[in-house]
Structures are given as structure tokens and as C-alpha cells.
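Here's the structure, in C-alpha cells; my notes come after.
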Amino acid sequence: MTGAALTPTLEGWSHVSSGKVRDVYESPVDDRVLLVVASDRVSAFDHILSPGIPGKGARLTALSRWWFDRIAVPNHLREPSGWDARLPADVAARSMRVVRLEMFPVECVVRGYLTGSGLIEYREHGTVCGIALPTGLEDGDRLPAPIFTPAYKAPQGEHDENISFEKMIELVGLDDAVALRDRSLRVFREASAIAEQRGVILADTKFEFGRNPANGEITLGDEVLTSDSSRYWDAKLYADTALPLKQRLSSFDKQIVRDWLSSNWDKQGEPPALPSGIIERTQARYAELFDRLGVGA
Ligand code: ATP
Ligand code: MG
């Protein structure tokens with residue numbers, strides 16, 4: 001690992017924790033704020049791969065900011081002008097200064113289409129997170145309406161687990177569970193409409209919310225609608241039913257990395273280093289979503 005794939009030491013910030021992809025810092029003088037720094041690390045099958053994808057951290061951060069600007073719910077971003085004066089420019093480009101929230105232990109997943117882990121449960125039980133769906137649905141089918149399918153946010157190193165809405169009520173209480181579900185569905189619909197205007201389908205995504213201790217408000221946190229937290233498809237390819245399903249549903253994310261690993265690694269021990277061609281193609285895929293949505297424009 002080199003450069004933007006590593007956890008930097010930052011003047012004015014103390015490192016608190018590192019996930020597979022992001023590093024979190026706190027301010028020694030103001031415990032209400034955090035700095036979330038997206039690295040260029042890429043993970044698949046619960047492993048951090050080597051090397052990273054150059055530019056990924058900056059792109060995903062720009063994508064989050066772009067969406068935070070466009071969706072109408074309170075969010076955690078707090079960046080007064082000049083906030084990043086001490087951060088090196090390359091780190092600032094992949095950092096967000098945020099209000100420290102009391103995070104709910106639930107990932108708020110919304111699906112507009114049936115695929116991935118939802119499809120697996122549907123094939124076995126006809127449901128997704130306990131929600132009964134019409135019979136006869138196939139991989140990639142649009143659902144009659146978007147569904148809220150929460151997951152329990154497991155402690156670090158453990159797998160997140162899909163849960164029913166009843167289980168979510170046990171975890172966070174009825175009022176918050178309903179509020180989180182309604183907010184997630186609303187933001188999903190809003191974002192889907194924006195993406196659709198740009199020829200991109202938002203198939204599913206994951207939000208993380210927390211409570212802002214300053215005002216008690218349920219606030220959207222974490223990264224939002226990035227290609228790490230969401231599955232995006234090209235609407236034109238999706239509509240072309242003459243194409244193979246794999247092509248119609250090729251997502252704007254690290255699918256290239258997953259596919260390469262699946263045929264070059266037996267999932268035992270450490271994964272092999274990614275070849276440069278795979279890194280370049282993945283980079284281009286992230287860039288394409290950026291351009292399609294018009295993030296840099
Ligand atoms: P991994 O992604 O490796 O499974 P992770 O989700 O814990 O682990 P990251 O996503 O890299 O790690 O790190 C971001 C962490 O910061 C998450 O735990 C997320 O819930 C938390 N977080 C995001 N925004 C806020 C916020 N405003 N206040 C407090 N915590 C936050
Ligand atoms: Mg995370």
C-alpha cells in the first residue's frame with residue numbers, strides 16, 4: 001500500500017478508527033466534529049486489496065458531497081470556509097468534516113430492483129428481509145415499489161446481517177425505526193429520479209443515519225449514494241433485453257475487481273495483488289459514473 005491507500009497522520013486531528021476503506025479522526029479541541037477521510041483502498045469479499053485504486057477516495061468524496069447538496073434531509077456535513085487550511089490538498093479532496101452523530105446500529109438499505117443478496121433470499125423464501133414480493137421475479141427486475149430492507153451493523157470484522165423491520169424496531173424502537181424507514185425511502189426516490197434523468201438507474205443503496213446530539217435530529221451520516229454504498233446501472237444497457245443479463249446489470253463499481261478475484265483466487269488466505277489492467281478498468285468505471293451524473297461539471 002502506498003500514498004492515498006494509507007492512513008495519514010494529520011496536523012490538528014487525532015486518528016480514532018479505520019474501516020476497510022475510510023479513516024476517522026477527531027478534533028482534540030472540539031469533540032463535536034469528526035474528519036472522515038476516504039482512502040484509495042478497495043475491498044472485496046471482506047478483504048482489503050492491494051494496491052488501491054488511484055483517485056477513488058477523491059471521487060467517492062466528491063460524489064457524496066454532490067448528493068448531500070441535492071437531497072432534502074439534514075446531513076452531517078459541516079465545512080465552514082477555510083476548514084481544511086492545515087490539510088494537504090490531496091487529503092482535503094477526500095475528506096469530509098462532519099458533526100459527530102450517535103449512529104444507529106442499522107444500515108438503512110433500500111432496493112428498487114431485485115438482485116444480489118435480496119435475490120438469494122427471494123429465491124429461497126419469496127421474501128426480502130421478510131417482505132413478501134410477487135412471485136415470478138427474476139434477477140434485475142424492477143420491484144413494484146422500492147422496499148426498505150435494513151441490516152444490523154455488525155461490530156468491526158463481522159458480517160452485517162439482513163434483518164426484518166420487526167427486529168429493527170427491537171433495536172432502535174418503533175418511532176425511530178419508522179422515521180428511518182420513511183426518510184430512507186424518500187431519499188431513495190429523490191435520488192433515483194435525479195439519476196434517471198441522467199440515464200442511470202439506482203438499483204439499491206445503503207444509508208447510515210445518526211442522531212445529532214446538539215438538536216436531537218435524525219441526520220444522514222456516512223458516505224451517501226457512492227459507488228461503494230450503491231448499485232448503479234446504465235439505463236440504456238438495462239433496457240436492451242437482447243443483451244446478456246450480466247451486461248445489462250453491469251454496475252458502476254468494483255464489479256471488475258470482484259469478477260477478477262472470483263476467477264483468480266480460491267478465497268483462502270490473502271488475495272493476490274490486482275494487475276494494473278484491472279486497476280485501470282476499475283478507475284475508468286468510477287470515472288464514468290462521475291461523468292454520467294455530471295459530478296465534476
Ligand atoms: P467497514 O466499512 O470496514 O465494514 P466501517 O463501516 O466501520 O467498517 P468505514 O465505513 O470505513 O468503516 O468508516 C466510517 C465509520 O464512521 C462508520 O462506522 C460510520 O458508521 C461512522 N460514521 C460516519 N459518519 C459519522 C458521523 N457523522 N458521526 C459518527 N460516526 C460516523
Ligand atoms: Mg462502512
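Just so you know, ligand 1 is whichever comes first in the structure, and atom 1 is the first atom listed for that ligand. Quick note: residue numbers are just sequence positions, from 1. Remember, it's a predicted structure, so these values are computed and weren't measured experimentally.
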### Task
Determine whether the side chain, the backbone, both or neither of Met103 has a heavy atom under 4.0 Å from any heavy atom of ligand 1.
side chain
### Minimum heavy-atom distance between Val295 and Ala62, given as atom pair plus value
CG1-O, 3.9 Å
### Message
Against ligand 1, does Val98 come closer than 4.0 Å with any heavy atom?
### Response
yes
### Query
With backbone taken as N, CA, C and O and side chain as the heavy atoms from C-beta onward, which portion of His76 lies under 4.0 Å from ligand 1: side chain, backbone, both, or neither?
side chain
### Task
Sequence neighbours left out, what pairs pass side chain to side chain donor-acceptor pair (under 3.5 Å) with at least one residue falling in residues 194-213?
Asp176-Arg211, Asp204-Arg231, Thr205-Ser230, Lys206-Glu208
### Task
Decide whether an N or O pair under 3.5 Å exists between Arg100 and ligand 1.
no
## Note on the structure
Going by chain and number, the hydrophobic cluster around Leu243 (ILVMFWY, side chain to side chain under 4.5 Å) further includes Leu237
### Task
Could you see which bit of Val99 sits under 4.0 Å from ligand 1, with heavy atoms only: side chain, backbone, both or neither?
backbone
### Query
What atoms of ligand 1 come closer than 4.0 angstrom to any heavy atom of Glu208?
19 (C), 20 (O)
### Message
Could you check whether any heavy atom of Lys153 sits closer than 4.0 Å to an atom of ligand 1, since that is the contact criterion I want to use?
### Response
yes
### Message
Under the side-chain hydrogen bond (donor to acceptor under 3.5 Å, both in side chains) test against Arg22, which residue among Thr7, Asp222, Thr61, Asp228 passes?
### Response
Asp222
### ligand 1 to Leu101 polar contact by distance, N or O atoms, under 3.5 Å
yes
### Query
Within the distance-only criterion (no hydrogens, no angle test), does the side chain of Arg78 pair as donor or acceptor with the backbone N or O of Asn75 below 3.5 angstrom?
yes
### Query
Could Lys267 and Phe45 be counted as a cation-pi pair, given that NZ or CZ must be under 6.0 Å from the ring centre and within 45° of the axis?
yes
